[in-house]
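Written out below as structure tokens is the structure these notes cover.
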Number of protein chains: 2
Amino acid sequence: MAIGPKLDRIDLKILAKLQEAGRITNVELSDAVGLSPSPCLTRVKRLETAGYITGYGAHINLNKLGEFLTVFTEVTLGEHRRGDFSRFETRIAKIDEIVECHLVSGGYDYLLKFVARGVTHYQSLIEEMLENDYGIEKYFSYIVIKSPFIKHHFPIQNLFGE
Amino acid sequence: MAIGPKLDRIDLKILAKLQEAGRITNVELSDAVGLSPSPCLTRVKRLETAGYITGYGAHINLNKLGEFLTVFTEVTLGEHRRGDFSRFETRIAKIDEIVECHLVSGGYDYLLKFVARGVTHYQSLIEEMLENDYGIEKYFSYIVIKSPFIKHHFPIQNLFGE
DNA sequence: TTGCAGTGCGGCATTAAATGCCGCACTGCC
DNA sequence: GGCAGTGCGGCATTTAATGCCGCACTGCAA
């Protein structure tokens with residue numbers, strides 16, 4: 001096997017396959033990567049416990065559930081001391097509508113992704129943050145008009161040369 | 001059942017559950033939502049064919065596969081005629097390292113998310129785009145230093161009031 | 001109010017998949 | 001050249017996925 005030193009080609013195939021077909025049966029997966037079911041399952045379990053696979057999920061088409069508003073928000077904190085960042089991160093993590101948080105280099109500190117029911121809802125979330133000392137100095141909102149594509153998989157094979 | 005008019009509470013439970021545990025067995029799922037396996041599976045299949053569930057995937061821990069660089073890039077096109085947008089979207093969709101594309105309102109046109117092997121790799125991708133007439137007037141890169149969190153599920157229940 | 005038709009659920013039998021166990025082949029090390 | 005460790009395929013057993021069938025509940029109509 002591998003994992004300790006590095007994953008072998010079969011492990012990468014398994015990851016790539018599961019990434020785009022998370023609910024594939026082990027029998028099909030084993031066939032796709034060229035193994036019999038037993039060792040294939042062993043590898044999957046090992047990839048899971050070793051942390052290469054952190055979980056599985058269904059991709060839900062939010063638009064079919066109603067009208068949703070996605071917003072990317074640039075946030076600049078007022079203070080940049082040790083603790084200001086972690087406190088901010090801890091607090092926003094608890095807000096369900098903030099689905100992504102990225103600390104970036106450049107003109108501002110954080111890029112957040114919101115999914116709200118509409119502009120009113122989004123506005124109320126922002127006001128809540130401004131009024132309750134999250135440490136935000138300023139922010140700027142970019143409302144998503146449409147998302148031509150969101151790939152649910154990274155090019156594992158390509159990034160390695162395969 | 002529902003779906004035609006609107007999803008009932010059980011359907012939402014199924015979506016919420018599958019979103020965070022895509023590989024749960026139908027037996028467990030049925031138990032979690034309070035149904036027997038048969039009707040539960042029927043609902044899942046219907047949600048899939050009706051387009052509420054667009055697919056399943058494993059969440060891969062890219063950092064364990066090596067050092068990767070995530071970059072958010074703001075792009076402004078030089079021309080904004082009908083066709084300039086669709087042409088740009090079509091072309092960048094073919095670039096594996098661009099995993100998300102959002103058309104936004106505000107100071108620029110597109111917010112792109114890249115996953116590359118490093119700054120050199122990212123730079124080569126950008127140069128490739130600039131040299132080959134993608135219609136880019138200007139761009140700005142925000143390198144992700146760390147992502148405190150990326151939730152792989154939207155608050156389905158909460159957004160509807162549970 | 002009583003009967004009829006349509007819809008969705010739970011129970012049961014059958015088929016397929018997930019798991020665990022065992023012996024064999026390949027590789028590195030004595 | 002023989003021995004120990006690792007990973008694979010095959011096989012038996014336990015579970016889950018599916019498809020079928022009759023029953024209960026709801027709305028509609030006489």
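Proteins get letters first, then strands, A, B, ... in listed order; numbering begins at 1 in each.
In this structure, B:D31 places its CG atom 11 Å from P of D:dA16, rounding to the nearest Å. What separates CG of B:D8 from C1' of C:dG8 is a distance of 11 Å, to the nearest Å. Rounded to whole Å, the distance from NZ on B:K45 to C1' on C:dG8 is 18 Å. Regarding A:I10, its CD1 atom lies at a distance of 14 Å from the C1' atom of D:dT6, rounded to whole Å. Taking atom CG of A:N26 as the reference point, atom P of D:dA16 lies 15 Å away to the nearest angstrom.
Applying the 4.0 Å criterion to OP1 and OP2 of D:dG7, one finds that A:R43 has every side-chain N and O outside that range.
Shown here are the side chain to side chain contact (heavy atoms under 4.5 Å, CB included) partners of B:L130, two or more places apart in sequence or in another chain: B:I126, B:I136, B:Y139. B:S30 pairs by the side-chain hydrogen bond (donor to acceptor under 3.5 Å, both in side chains) definition with nothing, not counting sequence neighbours. Considering only residues two or more places apart in sequence or on other chains, B:F140 meets the side chain to side chain contact (heavy atoms under 4.5 Å, CB included) condition with B:E74, B:Y142. Every residue two or more places apart in sequence or in another chain was checked for a salt bridge (Lys or Arg N to Asp or Glu O under 4.0 Å) with A:E20, and none qualifies. Not counting sequence neighbours, the partners of B:E28 by the side-chain hydrogen bond (donor to acceptor under 3.5 Å, both in side chains) test are B:T25. Applying the salt bridge (Lys or Arg N to Asp or Glu O under 4.0 Å) test to A:K146 and every residue at least two apart in sequence or in another chain returns B:E89. Among residues two or more places apart in sequence or in another chain, the side chain to side chain contact (heavy atoms under 4.5 Å, CB included) test is passed with A:D84 by A:E79, A:R81, A:R87.
A donor-acceptor contact closer than 3.5 angstrom links the side chains of B:Y56 and B:E48.
Looking at residues 17-25 of chain A, you'll see that no heavy atom sits under 4.0 Å from any atom of DNA chain D.
The nucleotide whose nearest atom lies closest to any side-chain atom of B:L41 is, among C:dG8, C:dT19, D:dT18, D:dT18.
Counting atom types as modelled, A:T42 pairs no side-chain N or O with a base atom of D:dG7 as donor and acceptor under 3.5 Å.
Using Watson-Crick or G-U wobble geometry with both donor-acceptor distances under 3.5 Å, C:dG10 finds its partner in D:dC21.
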> Reading nucleotides 22-28 of chain C 5' to 3', which nucleotides get B (base under 4.0 Å from a protein heavy atom), which S (sugar-phosphate only), which -?
Replying inline: -------
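Separation of the A:H102 and A:Y110 ring centroids does not fall under the 6.0 Å cut-off.
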